[in-house]
Amino acid sequence: MTSTSANTAPPAHRDRLRYGVDAPAFPAALGLAGAACGLTARRWRRGSTAAAALGTVLLAGTGVYLHTTLRGKLRVWEQELDRAGLSGDERLLDLGCGRGAVLVQAAAHLPSGRAVGVDLWSGTDQSGNRPEATLANAAAAGVLDRVEVRTADMTDLPFADGSFDVVTSALAIHNIPSRERRLRALDEAVRVLRPGGQLLVADFWPMARQYAAHLGHGTLRDLGPRYWYSGPWLGVTMLHAVKETD
Ligand SMILES: C[S@@+](CC[C@H](N)C(=O)[O-])C[C@H]1O[C@@H](n2cnc3c(N)ncnc32)[C@H](O)[C@@H]1O
């Protein structure tokens, strides 16, 4: 299969890829708390060692978070899409695509296929989250011709049963507040997959375990430090499942 990764797009365009920061309030709060601890440690002697240590942990966590959201998750998905063994002509759906970190890379793996993203464009969940930003990234990666974005709720997908070969989702389903609706999103993902199609869902490990238990099959794999949102306590697990054939 010949495929061009969005990360290996022509150098003139690569610098235009901007995928934003996931849940931007979180690293901002973490960084501020770390700085406040550092200042406290300098001002007061009592407890200064503990405050300095906590400040260091919080600031290091902020750095890890930013690395994950700006680079690490892109590298991980590049590998996961390679591992999926796509033939290049699939129809792929990305749930909660945001600015296209997965969608655009997926399109680069599908020279004669199609990558469709759905989202509700929450700026709380990702900075600068707009369909125009996603399409601008697709254009910068040279895959605009095979990318489509739709405004839709992943708990109620506007697609027919079995209309996709692959469904992906990265750090999106956990944003749905209720467990019942998260599992409905998973049921929708399975509904729109064709029998034998692949489901790839990356989410925080307690959620991924919940999804696997709900499906009753599939494998779980820890995605490692490149996908830590500050530290191992907010690590990401990949659920990989193949839809059963009747
Ligand atoms: C943390 S962002 C991740 C975006 C992208 N998958 C990535 O990895 O960069 C989560 C995304 O899920 C979207 N989202 C949250 N709830 C949704 C829902 N019910 N239906 C569709 N999208 C949703 C948000 O708008 C946001 O774009």
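Keep in mind that what you see is a predicted model, and the values were worked out from it rather than measured. The first residue in the sequence is number 1, and the count goes up from there. In what follows, every heavy atom counts, from backbone to side chain, and hydrogens, waters and symmetry copies are set aside. Each ligand, and each atom within it, is numbered from 1 in the order the structure gives.
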Check your understanding: Quick one: nearest non-hydrogen protein atom to atom 25 (O) of ligand 1, plus distance?
Key -> Asp119 OD1, 2.5 Å
Review point. Considering only heavy atoms of Lys73, which atoms of ligand 1 have at least one such atom less than 4.0 Å away?
Key: 7 (C), 8 (O), 9 (O)
Point to revise | atom 10 (C) of ligand 1 [closest protein heavy-atom partner, distance rounded to 0.1 Å] | key: Asn175 ND2, 3.2 Å
Point to revise | Min heavy-atom dist Ala23 to ligand 1 below 4.0 Å | key: no
Point to revise | Per-atom contacts, ligand 1 versus Trp121 - under 4.0 Å to a heavy atom | key: 25 (O)
Review point. Under 4.0 Å from any heavy atom of Ser122, which atoms of ligand 1 are there?
Key: 25 (O)
Point to revise | Protein contact of atom 12 (O) of ligand 1 - nearest heavy atom, named by residue and atom, plus distance | key: Ala172 CB, 3.5 Å
Review point. Is the cationic atom of Arg99 (NZ for Lys, CZ for Arg) positioned less than 6.0 Å from the six-membered ring centroid of Tyr19 and within 45 degrees of its normal?
Key: no
Review point. At what distance is the nearest protein heavy atom to atom 18 (C) of ligand 1, and which residue and atom is it?
Key: Leu120 CD1, 3.5 Å
Review point. Just which atoms of ligand 1 are under 4.0 Å from any heavy atom in Ala101?
Key: 9 (O)
Check your understanding: With no hydrogens and no angle check, do the side chains of Asp22 and Tyr229 hold a donor and an acceptor under 3.5 Å apart?
Key -> yes
Exercise for review: May I ask you to check whether Ala170 has an N/O atom sitting below 3.5 Å from an N/O atom of ligand 1?
Suggested key: yes
Review point. Is Met154 close to ligand 1, meaning an N/O of one under 3.5 Å from an N/O of the other?
Key: yes
Exercise for review: Just need the protein heavy atom nearest to atom 21 (C) of ligand 1, so name the residue and atom and give the distance.
Suggested key: Ala152 O, 3.4 Å
Practice item. Give a yes or no on whether the backbone of Leu95 and the side-chain of Ser169 come within a donor-acceptor separation of less than 3.5 Å. Key: yes
**Study point:** Asp161 bridged to Arg191 by N-O distance under 4.0 Å
**Key:** yes
Exercise for review: Look at the side chain of Glu188 and the backbone N and O of Leu157, then say whether any donor-acceptor pair between them is shorter than 3.5 Å.
Suggested key: yes
Point to revise | Distance-only side-chain donor-acceptor flag, Thr168 / Asp94, under 3.5 Å | key: yes
Point to revise | Under 3.5 Å: N/O of Asp153 near N/O of ligand 1 | key: yes
Check your understanding: So is Gly96 polar-close to ligand 1, meaning N/O to N/O under 3.5 Å?
Key -> yes
Exercise for review: May I ask you to identify the nearest protein heavy atom to atom 1 (C) of ligand 1, giving residue, atom name and distance to one decimal place in Å?
Suggested key: Asp125 O, 3.2 Å
Point to revise | Close N or O approach (Arg181, ligand 1; < 3.5 Å) | key: no
